[in-house]
Amino acid sequence: MKFWRTPLDADKIKVPHGETYVIKERCKGCGFCVEFCPKRALRLSDEFNIKGYHPPEMIGKDECVNCGLCEMICPEFAIYCLEEEEVQVEG
Amino acid sequence: MITKEHPMTPLLRMDRIPHIWCPTCGIGTAVSCFAAALKQNEIPLEKVAIVSGIGCTGRVAGYMKVDSFHTTHGRAIPFATGLKLARPEMKIVVFSGDGDLFAIGGNHFIHAARRNMDLTVICVNNFIYGMTGGQLAPTTPLSAKSTTSPYGNYEHPFNLPHLAASCGATYVARWTALHIRRLTNSMSEALNKKGFSFIEVIAPCSTVYARRNRLGSGLDLMKFYHDNCEIKNGANPEEADIGFQSKIIVGKFVDKEKPSFIDNMHVGLKRALGDKYIPYGGDDGAK
């Protein structure tokens with residue numbers, strides 16, 4: 001993550017890191033997650049799903065902070081985030 | 001293995017997903033927030049029942065994996081009232097649309113709020129009758145176009161929080177489909193609130209409301225909410241009128257304590273019958 005100056009408590013605060021998963025077949029391409037992601041970590045992809053919509057994809061691997069906004073705002077229950085560490089433990 | 005499962009899966013009837021709501025409709029977001037509120041409170045799912053009426057939002061009862069009932073048009077609140085009186089230990093939620101709750105079932109709403117029935121009413125307000133083809137609803141703002149008002153609406157719309165508050169509801173809030181965290185917190189407060197709690201969720205309707213009024217898609221309406229909503233907790237609901245594409249006042253308007261219908265019923269019957277009175281529903285009923 002980039003800062004315009006190093007925060008004073010940078011050593012104490014740990015920025016959470018998440019991974020976003022998209023269930024592509026359920027997406028109806030509304031773009032809510034893309035528009036309102038606070039980190040602008042998503043974009044509509046060029047690929048088509050089975051319904052003919054463009055499901056979202058992550059722009060970079062490091063941007064997601066696991067805030068869960070996309071998971072809550074998605075009207076199709078098609079996107080969710082998991083904390084990165086959690087995934088590694090399970091994997 | 002990574003669990004490739006959506007966290008809402010245990011709360012939804014996955015065999016019915018994908019749902020029928022249009023792309024950029026806000027009802028799915030309201031359902032998502034409600035599921036999150038249930039999860040947040042760790043309420044056992046067998047202790048919750050959802051009652052819906054007819055309409056787009058009326059389909060919510062079919063998608064949530066709790067006891068649910070899809071009633072006749074406008075009759076969600078009477079059904080929920082009966083359910084609450086028969087099973088006082090359950091949390092009964094009425095999840096329905098503005099047309100169902102305020103046009104066809106308007107009288108039921110008024111009287112349930114007057115009695116202070118122990119219900120949580122969530123009204124998804126999209127300003128129009130969506131499922132039947134975009135007719136004028138009692139919440140359609142002045143000058144908005146609909147199928148039955150092609151030259152613009154000239155009827156005054158309902159101000160739903162004001163109506164609920166003036167009828168005696170103990171908890172009144174209004175949020176939009178964009179205020180997901182506040183809406184979730186409000187829903188969990190309403191679930192734990194004794195008495196009649198009412199939450200209005202303003203949701204975009206892309207296919208009829210936005211298209212008839214040339215407002216773009218539901219995403220454009222969400223951007224509009226982002227720019228034009230004003231959070232005013234504790235504001236007078238009388239001033240929370242909604243005009244066509246005007247500023248929307250959102251927030252928690254009323255949060256007060258008042259004996260509910262069941263409390264009053266126990267007191268009244270105990271006074272009349274004395275020791276002969278046995279509360280229905282066992283000990284839970286007397287609480």
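Computed from heavy atoms alone, side chains included, the values below leave out hydrogens, waters and symmetry copies. Letters A, B, ... are given to chains in the order of the sequence lines, protein chains preceding strands, and every chain is numbered from 1.
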* Asked: Can any side-chain N or O of B:Ser186 pair as donor or acceptor with the backbone N or O of B:Leu183 at less than 3.5 Å?
  -> no
* Options B:Met8, B:His226, B:His19, ranked by heavy-atom pairs under 4.5 Å with chain A, top entry -> B:His19
* Do B:Phe95 and B:Phe34 have their ring centres less than 6.0 Å from each other? -> yes
* To do: Could you tell me whether the side chains of B:Arg211 and B:Ser217 share a donor-acceptor contact shorter than 3.5 Å?
  => no
* Begin with the C-alpha distance, continue with both residues' side-chain angles, and end with the deciding distance and a verdict on side chain to side chain contact (heavy atoms under 4.5 Å, CB included) for B:Phe127 and B:Ile202. => CA-CA 8 Å; B:Phe127 303 119; B:Ile202 293 171; 3.8 Å; yes
* Looking only at heavy atoms, which of residues 27-35 of chain A get nearer than 4.5 Å to chain B? -> A:Lys28, A:Cys30, A:Gly31, A:Phe32, A:Glu35
* Report, by ascending residue number, the residues of residues 172-181 of chain B in heavy-atom contact with chain A at a distance under 4.5 Å; give 'none' if the set is empty. => B:Ala177, B:Leu178, B:Ile180, B:Arg181
* To do: Give, as side chain, backbone, both or neither, the part of A:Ile79 having an atom under 4.5 angstrom from any heavy atom of chain B.
  => backbone
* To do: Would you check if there is a donor-acceptor pair between the side chains of A:His17 and A:Asp62 at a distance under 3.5 Å?
  => no
* Asked: B:Ile122 and B:Val93: side chain to side chain contact (heavy atoms under 4.5 Å, CB included), yes or no, with the steps?
  -> CA-CA 7 Å; B:Ile122 299 167; B:Val93 182; 3.9 Å; yes
* Determine, for A:Asp9 against A:Lys12, whether the closest basic-nitrogen to carboxylate-oxygen distance falls under 4.0 angstrom. => no
* **Options B:Ile27, B:Thr9, B:Thr184, B:Leu219, ranked by heavy-atom pairs under 4.5 Å with chain A, top entry** => B:Leu219
* **Closest approach of B:Lys252 to B:Asn233 (non-hydrogen atoms, all atoms of both residues)** => N-OD1, 2.8 Å
* **Sidechain N-carboxylate O distance under 4.0 Å for A:Arg43, A:Glu57** => yes
* Check each atom of A:Glu25 against the heavy atoms of chain B and say whether the ones under 4.5 Å are side chain, backbone, both or neither. => neither
* **Plane angle bin for B:His6 and A:Phe77 - parallel if under 30°, tilted between 30 and 60°, otherwise perpendicular** => perpendicular
* **Student check: side-chain heavy atoms of B:Val250 and B:Tyr225 closer than 4.5 Å** => no
